[in-house]
Structures are given as C-alpha cells and as structure tokens.
Amino acid sequence: MKVDWLIVGAGFTGSVLAERIASQLKQKVLLVEQRNHIGGNAYDYYDDQGVLVHQYGPHIFHTNAKYVWDYVAQFTEWRSYYHRVLAVVNGKPVPVPFNLNSLYALFPPNYADKLAQQLVEQYGFNVKVPILKIRESANGTDLKFLADYIYENIFHHYTFKQWGLKPEELAPSVTARVPIYVSRDDRYFQDEFQGLPKYGYTNLFRRLLNNKNIKVLLNTAYQEVIDEIQCQRVIFTGQIDEFFERMYGELPYRSLRFKSFYTEQEYKQPVATVNYPNEYAYTRITEFKHLTGQRVYGSAYIEEYPQPYKRDENIPYYPIPKEEYQALYKKYQAEIEKLKGRVLFAGRLADYQYYNMDQAVARALTLFQKVICKS
Ligand code: FAD
Ligand code: UDP
C-alpha cells in the first residue's frame, strides 16, 4: 500500500494530525490503531443498558485555549458541563479541589471562619496554592494544622494509591493539578471552556476522520504492517520506548483497572466523581449520567483501581512524572534526531508527558503548523 503518511495511534493526537494533513494538505493518510476502536483513551460507547460510558475513565474537555476549543468545535456541538468532585474524608463528603466550602464541610462554623480568614490573609482571595507549597509556607498554628490535615486526608493516601509514590516523590506539578483554591468556587476546573461532546467522543472522532484521504486500520499494531506500507513519513503517538525497542530500558507508566457497575437507581451518587483518598483499593467512583446529561433508566458507574503497568498485560495510561524517568525519556528523545525528521513523535505516550486532551490537541495543531507545513 502506498500513502503519504503513516500515523500510528487513533487517539486525539493521531486523529487531529490525520484530519489536518488530509483536509489542509490533501495528502493520503493511513491511520493504524492497535485497539478495536478509534478515540484512544477518550473512547466512549453505549453499554448493554443503553448508557453512554467512557471505557477508559471519565473524560471532561476543558481548556483556556480558544483556538483548541474552536478547532474541536468544528466536529461537535458541546454539552456545557462543570465537573464537581467530592472526596470522602472521615465519612464526610468534602468538595475537591479543597476550597473555602470544604472548610465548612469539615469543621465547626466558628473554626472554619477562622481558617478561612487566615487563608485569605496569608494567600489572598481567589488564589490557587499547591498543597506542597502550603505545607512549606503556612504560618501560625491553625494554618499549619490545616495544611497537614489536607495533606494527610486528601493527598497522601490518594497519591500513594494512584502512583505507588508519595506526593514529594513525584514532580510537584502532579499534586498542583488539584491545588487548594482560596475561593468559594468548587468546580474541579476553572478553564474558560469546559464541556463534553454532545453526541459523545467517539462520534467526534468519527467526524474528525471522515475524509476520503484518511484510511483507518483497526486491530493492527504498526509493527505488523510497517514492511508492507510505502510512505513518505511517519507520525508515532505510541510509547516512545517501544518505538526504539527499549534500547535504554523500559520507561515506566502507570496503569488502571476499571470495574464497571450498573444500578437501577436513577443516580448512585450526588456528583459525577467521588474520591476515596483513605479507604478502599480504588481511588474514585465516576457515574457517567452526571457527565453526559443522558436521560435513561438506571445508571452506570466505574471504580478505578491503579496498577503498575506491565507490558502486554495492561494499558500504559499515565507517564510517571518523576525526574529520573524524564532523564530516561531524554535519552530516547535524543534518538529522534537521528531519524532526520522522517518520523515525528507526539502525544501523551510519545512525548512522555501528562497531557490533558486539550494539550494533546494543541500539541498536534502546533506540530502541524510549525513542522509539517514548513517541511
Ligand atoms: P492516547 O489516547 O493514549 O492514544 C494513543 C493511541 O495509540 C492508543 O489508542 C493506542 O492504542 C495507540 N497505539 C499505541 N501504540 C501503538 C502501536 N504500536 N500500534 C498501533 N497503535 C498504537 N484528559 C482531559 O483533558 N480531561 C479528562 O477528564 C481526562 N481524564 C482522563 C482520565 C483517565 C483515567 C485517563 C487515563 C486519561 C484522562 N485524560 C483526560 C487524558 C487523555 O486521555 C489524554 O490527554 C489523551 O488521551 C491523549 O491522547 P493521545 O492521542 O496522545 O493518546
Ligand atoms: N489528588 C489527590 N487527591 C485527590 C485528587 C487528586 O491526592 O482527591 C492528587 C493525586 O496525586 C492525583 C493528582 O492529584 O494523581 C492529579 O489528580 P487528577 O484528578 O488531575 O488526576 P487524573 O484525573 O489525571 O487521574
């Protein structure tokens, strides 16, 4: 088979690049995907009871980049949605990211007033402070107590379950994703643009890839077909260490196991996601109807059980943000230079970066404009 481009991986990164190349450059793309569906980890489907579920965990699109939002909006209408998360702490549901409302959910009103006042005095109002920063900087007995309390009850055990590491052993950016927010705003994200594709992610991907210049080959690892395909260039969005046959050793990833449930209740829980930092082997339970707004009998939800990643056994969902692994990634990155631009690398697995969906889209759009269009 002869094409202009071979793209490996039909997640956001590979699919956006396929769409740009096919629609703007009018060149032929073969998109090869080893799973039996498009969409990568954003894939969703209707289960046996007719509930729209996210196979690989809850996906909420959020961004401050208008160009990313506008780009994706060409392929879908949006359902406006603000994600809200509760964490169960000592049996009480507490809004997360931890904010001023969380104080009142946990402590008697007078003490919550006092802590709120001190937080505002020390950090200002409407300010986000990562937990590791608060622990270093909290002044006075009450704020020190609060910093330790939040660390212990929200972050420490959850992070250990999720990564098998303590918060301080990871890049500070990991726990900074969910900062303490000195505010009454208890949405999980504050980005300007937030929502879910009105007809689901898979529908959005179908529309992205609906171009006569794109051919999609599912159930196929690129290694199986690479010798039969003549192409000018390759874009690889899989694991970078796999591409280079792990010549410097395996890059570590973190995996998850999802356990799915169906209930005949209208709703199982009050918000889409409830975190369990301190109990159980799972980290969180997500109920999909809250996300999708679907009106259907019964409800579906999943528990997420973090796992070590084992090659050929489970899926590498997360690169592990830790300095020594970045150093190993850099060795692979140096190998890219030697390919002289014939193979381009992008995406959560190929860049070994903890991208959100909007960052994966931004990465693909930038690669297209700055590299592909100029070469
Ligand atoms: P992927 O989606 O991983 O796609 C890569 C594709 O390449 C995969 O389909 C894979 O099968 C394929 N592939 C790999 N190797 C090969 C090979 N050798 N041959 C053929 N195919 C191959 N982001 C948000 O913005 N909001 C959220 O709420 C959110 N929630 C998340 C929840 C969970 C549990 C997880 C794991 C991620 C979440 N994300 C979220 C992140 C989001 O999933 C990623 O940003 C996005 O999937 C990255 O897209 P990608 O194309 O780079 O990678
Ligand atoms: N985190 C935590 N407790 C929580 C929520 C998050 O300790 O209740 C930490 C944990 O280390 C987690 C990180 O913050 O891995 C990022 O959380 P996020 O919800 O962004 O994770 P993702 O949705 O990417 O799994």
Side-chain angles (χ1 to χ4, degrees), residues 6-17 31-43 54-63 68 83 85-89 94-98 130-131 150-151 153-163 165-167 170 173-179 188-189 191 194 196 201 205 217-226 236-240 242-243 253-256 258 272-278 283-284 286 291 302 304 306 315-321 346-351 353-361 363-364:
L6 169 67
I7 301 185
V8 181
F12 264 107
T13 309
S15 299
V16 168
L17 281 159
L31 181 59
V32 176
E33 168 56 57
Q34 64 190 3
R35 300 186 196 174
N36 62 1
H37 58 74
I38 54 175
N41 290 335
Y43 170 72
H54 295 183
Q55 175 153 326
Y56 305 102
H59 278 71
I60 299 101
F61 204 98
H62 57 99
T63 190
V68 168
H83 196 41
V85 176
L86 296 169
V88 177
V89 175
V94 178
V96 169
F98 198 97
I131 182 62
I150 298 173
Y151 178 85
N153 288 286
I154 308 269
F155 287 95
H156 185 210
H157 304 287
Y158 186 108
T159 301
F160 205 79
K161 269 197 266 187
Q162 174 70 14
W163 301 98
L165 295 166
K166 295 183 195 147
L170 287 154
S173 55
V174 175
T175 42
R177 287 168 62 91
V178 189
Y188 205 65
F189 308 111
D191 301 54
Q194 309 191 29
L196 275 87
Y201 285 97
F205 279 89
L217 199 54
L218 297 177
N219 299 307
T220 311
Y222 86 102
Q223 295 91 331
E224 297 168 38
V225 291
I226 189 80
F236 186 77
T237 76
Q239 292 161 264
I240 187 167
E242 178 191 301
F243 183 90
Y253 300 84
R254 194 74 176 156
S255 190
L256 296 169
F258 299 101
T273 299
V274 178
N275 290 357
Y276 293 87
N278 308 310
T283 48
R284 57 188 178 187
T286 296
L291 299 177
I302 50 163
E304 288 180 47
I315 292 177
Y317 289 111
Y318 296 87
I320 303 182
R348 183 146 149 151
L349 300 171
D351 290 337
Q353 286 286 331
Y354 191 173
Y355 291 144
N356 293 325
M357 290 181 281
D358 65 321
Q359 295 170 306
V361 173
R363 171 78 171 105

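Both counts, for ligands and for their atoms, begin at 1 and track the order of listing.
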**Study point:** Cation-pi, Phe189 ring and Arg177 (6.0 angstrom, 45 degrees)
**Key:** no
Identity and distance of the protein heavy atom lying nearest [atom]:
atom                    : answer
atom 4 (O) of ligand 1  : Gly11 CA, 3.6 Å
atom 7 (O) of ligand 1  : Gly9 CA, 3.1 Å
atom 19 (N) of ligand 1 : Tyr222 N, 3.1 Å
atom 48 (C) of ligand 1 : Ala360 CB, 3.9 Å

Any N/O pair [X]/ligand 1 closer than 3.5 Å:
X      : answer
Phe12  : yes
Tyr317 : no
Thr13  : yes
Pro58  : yes
Glu33  : yes
Tyr318 : no

So, 4.0 Å and heavy atoms of [X]: is ligand 1 close enough to count as a contact?
X      : value
Tyr355 : yes
Ala42  : no
Gln223 : yes

Go through ligand 1 atom by atom and flag the ones less than 4.0 Å from a non-hydrogen atom of [X].
X      : result
Gly238 : 14 (C), 15 (N)
Val32  : 20 (C), 21 (N)
Leu256 : 34 (C)
Gly347 : 52 (O)
Tyr56  : 33 (C), 34 (C)
Thr220 : 20 (C)
Glu242 : 18 (N)
Ile60  : 24 (C), 25 (O), 26 (N), 27 (C), 28 (O)

Check your understanding: Can you list the residues that meet the side chain to side chain donor-acceptor pair (under 3.5 Å) rule with Gln34, with sequence neighbours excluded?
Key -> none
[X] contact mode with ligand 1 (heavy-atom cut-off under 4.0 Å):
X      : answer
Ala350 : neither
His83  : neither
Asn356 : both

Sidechain-backbone polar pair: [X] side chain, [Y] backbone, donor-acceptor under 3.5 Å:
X      : Y      : result
Arg254 : Gln162 : yes
Tyr158 : Ala87  : no
His83  : Ala272 : no
Thr159 : His157 : no
Thr237 : Ala346 : no
Thr273 : Thr286 : no
Arg363 : Gly347 : no

Please report the shortest heavy-atom distance between [X] and [Y], naming the atom on each side.
X      : Y      : answer
Glu33  : His37  : CG-O, 3.4 Å
His156 : Pro167 : CD2-CD, 4.1 Å
Pro319 : Trp163 : O-CZ3, 3.6 Å
Pro179 : Pro97  : O-CB, 3.2 Å
Tyr354 : Pro321 : CD1-CG, 3.8 Å
Ala42  : Phe12  : CB-CE1, 3.8 Å

Point to revise | CA sep, side-chain torsions, deciding dist, call: Ile154, Ile131, side chain to side chain contact (heavy atoms under 4.5 Å, CB included) | key: CA-CA 10 Å; Ile154 308 269; Ile131 182 62; over 6 Å; no
For [atom], which candidate among [options] provides the closest heavy atom?
atom                    : options                      : answer
atom 14 (C) of ligand 1 : Gln34, His62, Arg348         : Gln34
atom 1 (P) of ligand 1  : Asp191, Leu31, Asn41         : Asn41
atom 37 (C) of ligand 1 : His59, Arg363, His37, Gln239 : His59
atom 23 (N) of ligand 1 : Met357, Gln359, Gln55        : Met357

Exercise for review: Could you check Tyr222 against Glu242 for side chain to side chain contact (heavy atoms under 4.5 Å, CB included), going step by step and ending with a plain yes or no?
Suggested key: CA-CA 11 Å; Tyr222 86 102; Glu242 178 191 301; 4.1 Å; yes
Point to revise | Distance in Å, Ile240 CD1 paired with Asp351 CG, rounded so as to fall on 0.5 Å steps | key: 7.5 Å
Study note, to complete from the structure: So OH of Tyr56 and CZ of Phe258: to nearest 0.5 Å the spacing works out to 9.0 Å
Practice item. Test side chain to side chain contact (heavy atoms under 4.5 Å, CB included) on Glu304 and Tyr317 and set out the steps. Key: CA-CA 12 Å; Glu304 288 180 47; Tyr317 289 111; over 6 Å; no
Check your understanding: So which protein residues pack against ligand 2 under 4.0 Å, heavy atoms counted?
Key -> Ile154, Phe155, Tyr158, Thr159, Gln162, Trp163, Val174, Thr175, Arg177, Val178, Tyr188, Asn275, Arg284, Tyr318, Tyr354
